[in-house]
Each structure stands twice: as structure tokens, then as C-alpha cells.
Amino acid sequence: MTLQRRMLILAAVLVLLAAVGVGAVLRASSRADDKDRARDGGPRATRGAVSLAPGDGGRRIVFRNMAWGPHRDELATVPAAAPGGDRTTSGVNCLRFHAAAGTGICLQAAGGAVQDGYRAVVLDARLAEVAAYPLAGIPTRARVSPGGHLAAWTVFVGGDSYAGTDFSTRTSVVDLRTGRLDASLEDFAVVRDGKPYRSADVNFWGVTFTADERTFYATLATGGRTHLVRGDLAARTVTTLRENAECPSLSPDGTRVVFKQRVPGRPAEAPWRLYALDLATGTQTPLAEERSVDDQVVWTDDRTVVYSLPGDFGADLYAVPADGGGAPAPLMASALGPAFLE
């Protein structure tokens, strides 16, 4: 083959690669533009005032709006009695969100000079920023205590040598009364089966707080197993309660937790089933939702929990009784991370 022919072939390959690259960019741009356009039949969303303040606007849901359109990913609100109604959006974007007692925690993307990052933003009742903390990885869970004095968040992180091909997490808790930040629950002393336990592979995620603003429940992973743990912020300890429990959520009356559990025989990509645990008796009850739920549920009251499942535009919310009876029912389309506020 002559040099001229080789040069012509190289030029043709370069042109083809350039065309493929331009096509990919145009397709990605088109998809991004699609997300900015509201879909026919989707929820109607308009900009307005969104409040986290107790008693401000009656019982309502504040959530991350996943509907395609100019207000996608913004915090939005609807009356709890009309979850399918028109949405009022805030202009505040969050990847993960939770709120209670006039305090919100918003995990969001933060553009940087060199590369994008993430941060945890504490919001007041009017969604104004009170404090912000840089995050070491990709946001996955967020929680505010019932009294609004504590906030917790979990991120996926890389670079832990022990993690291998498995994911690694970092969970932080901040006391908004004092400003004290526990940057990682891995610094807490672990009591496992009644004995002190130490291991380099300890990971935590999925915090849920009790009303005393000191005690919490969470997931501890170590040695290839997960555990439900009870933690004490003052003593800086966590104690294992049982195996195979992840992302607990404590009921408003403090008597039960609902968590997801891996069920043998289920597909590896969809292994979960929701269970309720009575903390006094240790009785565990499967909920009526038989689909695999990879979420930390939210209680609407002492009887019902809400969770997300994949939907056409990201995620949809469903509700199911927490006593094992009834049946799951759709609650909201194109929504994620709800907080039920009075």
C-alpha cells in the first residue's frame, strides 16, 4: 500500500471518528434539552414559595421534582391530601433531600475550578443556606432528626484499599446546635455481639434518628455482611442488633424500623424486600410490597411508609402499610426524597 493511500485511509478514519463524536455530543445535548421540556400529561410545576416551617401551609410533602421540564431536580411541594396536584417549585436543586421541624438537608452538585464536586447544604425553613460542608463522594442518603437539630448524610467514596470491587461509603452527622461535625461514623467504637469490634472494612450508611436527638439507627457493613445498629452520639458508640438489614427508617412513635433485606433466591440485581421490625419484641414482618425496593423509606405517619421505584422519568413514589397488610399503591409520579411536614 502506497503512502498516499495510507494517508487517505487515515484521513477517512479521522473524519468518521469526528462524525461519531459530534453525533454523540448532539444526542447528549438533545437528551438534555428533552429534560428541560415539560411532557404532555406530566405534573404541572410553577415557581413559588416553598416552606419547611411547621404549620406553614398545612400538611404537605416537600420532595425532589423529577418531572421533565425547566423545574426538574428542584425542591417542590404539594398538599399531602393532593399528591398528584400542581407542584410549587423552589429553584433550589438537590440530589438528595430530607427535612423535619423547619430544617432541611440538601445534597447537591457543586461546580469547581478543576472538577465538579458535591456538598451538603443545611437549609432553614425558607430554604436559605445556613451551612455547607464539602462531600468526599457521590450523595446517596440524607436524614434530619425529628427535632431538626441533627443532620446526617452518606456518600459513595473511592480509594479505600480494602473495598476491592465493592462500594465504600462515608457517613457524617452534624449537630446544628453546637456545630460539631462527626465526619465519619467509622470513628465510633463498635460493639458486635457484646464485644468490642474493630476492622478496616467497616462502613456505615442509612442513618435514622430517634426523638431524643442523641440516639440513631443505621446500617453497618463488615466482613461481607450488613447489620442493623443502634448508635449513641454522646458516647460515640454503635451496637449491632441483627444481621441482614439495610437503610432503616424509624417510625414516628419510635417503636418500629422498616428496612430492606436481601432475600435468598432473588435475582442479584433485585434482591431486596421491605420488612418492619418491632424493636420491643424483635418480631419481623414482611411488607406487602414484593418488588425489590432499593431505598430508605419515609414514614407518612405511624401506619404507612413511602418509597421510590424506577419510573419513566427517574423515580415514582409508592405507599404501603407498615403492618404487613394491605397492598402497595402509587402516590406520586416523577418524585424522589419526600418529607412529610405538618
Verdict with supporting geometry, Arg242 and Gln284, side chain to side chain donor-acceptor pair (under 3.5 Å): CA-CA 11 Å; Arg242 64 172 49 210; Gln284 185 172 295; 2.7 Å; yes
Ser249 and Arg143: CA distance, side-chain angles, deciding distance, side chain to side chain donor-acceptor pair (under 3.5 Å) verdict: CA-CA 10 Å; Ser249 182; Arg143 237 12 169 228; 3.1 Å; yes
Evaluation steps, side chain to side chain contact (heavy atoms under 4.5 Å, CB included), between Val305 and Arg256: CA-CA 12 Å; Val305 295; Arg256 291 163 294 160; over 6 Å; no
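Side-chain contact between Phe209 and Thr215: absent, with no pair of heavy atoms (C-beta onward) separated by less than 4.5 Å. Looking at Phe204 and Arg170, their side chains never come closer than 4.5 Å, going by heavy atoms from C-beta outward. Annotation: side chain of Val50 is not in contact with side chain of Thr89 (no heavy-atom distance under 4.5 Å). Side-chain contact between Phe97 and Leu336: absent, with no pair of heavy atoms (C-beta onward) separated by less than 4.5 Å. Contact check for Trp299 versus Thr304: no side-chain heavy atoms found under the 4.5 Å cut-off. Side-chain contact between Met66 and Asp73: present, with at least one pair of heavy atoms (C-beta onward) separated by less than 4.5 Å. Side-chain contact check for Leu228 versus Thr219: every heavy-atom pair is 4.5 Å or farther apart. Side-chain contact check for Thr255 versus Leu279: every heavy-atom pair is 4.5 Å or farther apart.
Of the N and O atoms on the side chains of Asn203 and Thr169, at least one donor lies less than 3.5 Å from an acceptor on the other residue. Checked by atom type, the side-chain pair Asp56/Ser51 shows a donor-acceptor distance below 3.5 Å. Between Ser145 and Glu213, the side chains place a donor N or O and an acceptor N or O closer than 3.5 Å (distance only, hydrogens not considered).
Tested against Glu74, the residues Arg47, Arg87, Arg64 include a single side-chain hydrogen bond (donor to acceptor under 3.5 Å, both in side chains) partner, Arg47.
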With a 3.5 Å cut-off and sequence neighbours excluded, list the donor-acceptor pairs that the side chains of residues 314-332 form with protein atoms.
from: Asp316; atom 1: OD1; to: Ser334; atom 2: N; distance (Å): 2.7
from: Asp323; atom 1: OD1; to: Gly325; atom 2: N; distance (Å): 2.9

Report, one line per pair, each donor and acceptor closer than 3.5 Å where one atom sits in a side chain of residues 268-275; sequence neighbours left out.
from: Arg273; atom 1: NE; to: Leu287; atom 2: O; distance (Å): 3.2
from: Arg273; atom 1: NE; to: Glu289; atom 2: O; distance (Å): 3.1
from: Arg273; atom 1: NH2; to: Leu287; atom 2: O; distance (Å): 2.7

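The distance from atom OG1 of Thr226 to atom CG of Asn244, rounded to the nearest 0.5 Å, is 5.0 Å.
Under the side chain to side chain donor-acceptor pair (under 3.5 Å) criterion, Thr210 pairs with Asp212, not counting sequence neighbours. Listed by chain and number, the residues in a side chain to side chain contact (heavy atoms under 4.5 Å, CB included) with Thr240 are Arg192, Asp193, Leu220, His227, Val229 (sequence neighbours excluded). Asp86 is linked by a salt bridge (Lys or Arg N to Asp or Glu O under 4.0 Å) to Arg44, counting only residues two or more places apart in sequence or in another chain. In this view, Tyr197 satisfies the ring-ring contact (aromatic ring centres under 6.0 Å, His included) rule with no residue, not counting sequence neighbours.
Listed for the Thr222 side chain is no donor-acceptor partner under 3.5 Å among the backbone atoms of Val202.
Within a 6.0 Å radius of CZ in Arg291, more than 12 heavy atoms belonging to other residues, nucleotides or ligands are found.
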